[in-house]
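Structure first, then comments.
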Amino acid sequence: MTSGQRRRCFGLLRSAGDVWACVLEVNGWRRRRRDAPLTSYQELCRELSVSGPGTFGELDSTGARSVLRRFSDAWFAAAKRRKDGDVSAGFPRRRRGLMPVRWYHGTFTVDGRRVRVPCAKGAPPLWVRLVREVPYPVEQVRSVTLLCEGGRLFLDVTAEVPVVTYPPGEGPDPARVAGVDLGIIHPYAVAGPDGAGLLVSGRAIRGEHRMHLADTKARRRAVARRAPKPGQKGSRRWRQYRRRARRVEGRHRRRVRQAQHEAARTVVSWAVEQRVGVLHVGDPRGVLDLDAGRRHNLRLRQWQIGRLLQVLTDKATLAGITVHLVDERGTSSTCPACRRRVPKPRGRALTCPH
């Protein structure tokens, strides 16, 4: 990618951030006037059409509408959580300098390792050269998303992939069920039929988190003296340090994400070999609402339960395996034989007095 293409791509991301900030500001005015906020996608699109072309630089209407869709989805998701009793759920009110931009099928062009990104009317066409070719046929690509992570530009591709087909008698059997338990040391612990089981180690992920935390603390101590004061513009050396920190953060996130995908692929491959058709996965997200202290709260944040569930669900669905989420509340104090509550065990062995 040339410097001009990079500059134009960042311009699109900044224009998307301006769209997000504009929606927040308009809703702020309406809130001060005690008017109903603009939250539905249709209302936001009407406000966008009134603004006129060229208001947000080279960002076209399709890319701007993707930002409006993201805002509407975030607002209604927070409203649903509040309706269900989660008072900690907050509506989107933070501004963002760079916002991801998504374009849907029919608005972009894929030509080998080149992608034509649509721009506003009157702007020259923007062709972006990829590092590698898109791993899906062109007719299966449904959307592309331009985003920035760790100071680097990425193009996220979403494609429609057909579910895997198996020869007769070799596919997943819905009658064969396996249970999956999520953990910190072991991301996935699987108990399958016929006494089969699988443990996926996550010590490498935990080690990556610890090494990254130690490295971050050491780098902050090293530059603490030359850090600019609040409100003071940083020097070139400080900007280089911040650029380096963002690059290290992005590399850390990519390593963790890759390890999570490999762990989920191991579980799904094992399930296909065992012809498991249904996975009952325990959903432990209720523990996130408990304050367990500074250190354990950090472990829970680094656990990334939602990402583990999403990755496993996506790969299992692609393999033709059904995933059912099971609430884990009370399962650690319930006897699996008589289904009655038992007192807290003295050691690590659960014994039922009933």
Side-chain angles (χ1 to χ4, degrees), residues 73 76-86 89 142 158-202 205 256-257 259-290 299-342 350 352:
D73 293 344
F76 281 105
K80 184 178 183 302
R81 290 175 57 187
R82 281 180 169 270
K83 185 178 179 181
D84 294 339
D86 186 3
R142 290 294 173 262
T158 303
E160 183 181 4
V161 182
V163 177
V164 178
T165 57
Y166 301 92
E170 298 183 7
D173 185 5
R176 297 177 65 84
V177 182
V180 183
D181 181 61
L182 275 63
I184 297 178
I185 299 179
H186 301 289
Y188 301 105
V190 190
D194 305 328
L198 175 69
L199 270 180
V200 181
S201 176
I205 301 178
V256 174
R257 186 181 302 123
Q260 292 170 342
H261 278 279
E262 292 179 358
R265 185 168 61 245
T266 302
V267 174
V268 174
S269 300
W270 178 87
V272 171
E273 293 177 359
Q274 299 291 329
R275 294 192 60 201
V276 173
V278 180
L279 289 177
H280 288 286
V281 184
D283 188 0
R285 283 178 288 191
V287 300
L288 299 179
D289 301 331
L290 305 177
R299 297 190 189 102
L300 291 179
R301 285 199 306 270
Q302 294 175 346
W303 192 5
Q304 300 181 356
I305 304 174
R307 184 182 294 274
L308 290 174
L309 292 174
Q310 186 63 46
V311 170
L312 180 63
T313 303
D314 292 344
K315 295 184 182 303
T317 304
L318 184 60
I321 301 174
T322 306
V323 175
H324 291 303
L325 295 181
V326 181
D327 188 10
E328 289 191 353
R329 181 174 179 82
T331 55
S332 299
S333 57
T334 304
C335 177
C338 65
R339 301 294 181 181
R340 297 176 65 179
R341 298 296 295 270
V342 297
L350 179 66
C352 178

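Throughout, residue positions are numbered sequentially from 1 according to the sequence presented.
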E160, CD atom: more than 12 neighbouring heavy atoms under 6.0 Å:
no
Do you know which two heavy atoms are closest between A319 and Y166, and how far apart they sit?
O-OH, 2.8 Å
Heavy-atom closest contact (Q274 atom, A196 atom, distance):
OE1-CB, 4.0 Å
Does a side-chain heavy-atom distance below 4.5 Å link T313 with L279?
no
Looking only at heavy atoms, the pair that brings P172 and G277 closest together is CB-CA, 3.7 Å
Let me check something: any side-chain donor-acceptor pairs from residues 179-191 under 3.5 Å, sequence neighbours excluded? List them with distances.
from, atom 1, to, atom 2, distance (Å)
Y188, OH, L308, O, 2.8

In plain terms, say whether D283 and R285 are close enough for a salt bridge, that is, a side-chain N and a carboxylate O under 4.0 Å apart.
yes
Working note: I321 + V272, criterion side chain to side chain contact (heavy atoms under 4.5 Å, CB included); need CA distance, chi angles, decisive distance, verdict.
CA-CA 8 Å; I321 301 174; V272 171; 4.2 Å; yes
Say whether S333 and R341, considering side chains only, have a donor N or O and an acceptor N or O under 3.5 Å apart.
yes
Test side chain to side chain contact (heavy atoms under 4.5 Å, CB included) applied to V256 and Q304, step by step:
CA-CA 10 Å; V256 174; Q304 300 181 356; 4.1 Å; yes
For A79, what residues pass the side chain to side chain contact (heavy atoms under 4.5 Å, CB included) criterion, not counting sequence neighbours?
W75, F91
Using the rule given for side chain to side chain contact (heavy atoms under 4.5 Å, CB included), can you reason through D194 versus R176, listing the C-alpha separation, both sets of side-chain angles and the distance that settles it, and then say yes or no?
CA-CA 9 Å; D194 305 328; R176 297 177 65 84; 3.3 Å; yes
Tell me, yes or no, whether the heavy-atom count around R257 atom CZ, taken from other residues, nucleotides or ligands under 6.0 Å, exceeds 12.
yes
Do I305 and P284 have side chains that approach each other closer than 4.5 Å (heavy atoms only, starting at C-beta)?
yes
Flag if over 12 foreign heavy atoms under 6.0 Å of CZ, R142
yes
How close do R275 and G171 get, heavy atom to heavy atom, and via which atoms?
NE-O, 2.9 Å
Considering non-hydrogen atoms only, spot the tightest contact between P336 and L350 and give its length.
CD-CD2, 4.4 Å
Minimum heavy-atom separation for R82 to A89, with atom names?
NE-O, 2.8 Å
Between CD on residue Q260 and CD on residue E262, distance to nearest 0.5 Å
10.5 Å
Ring pair (Phe, Tyr, Trp, His ring centres under 6.0 Å) partners for H280, two or more places apart
H324
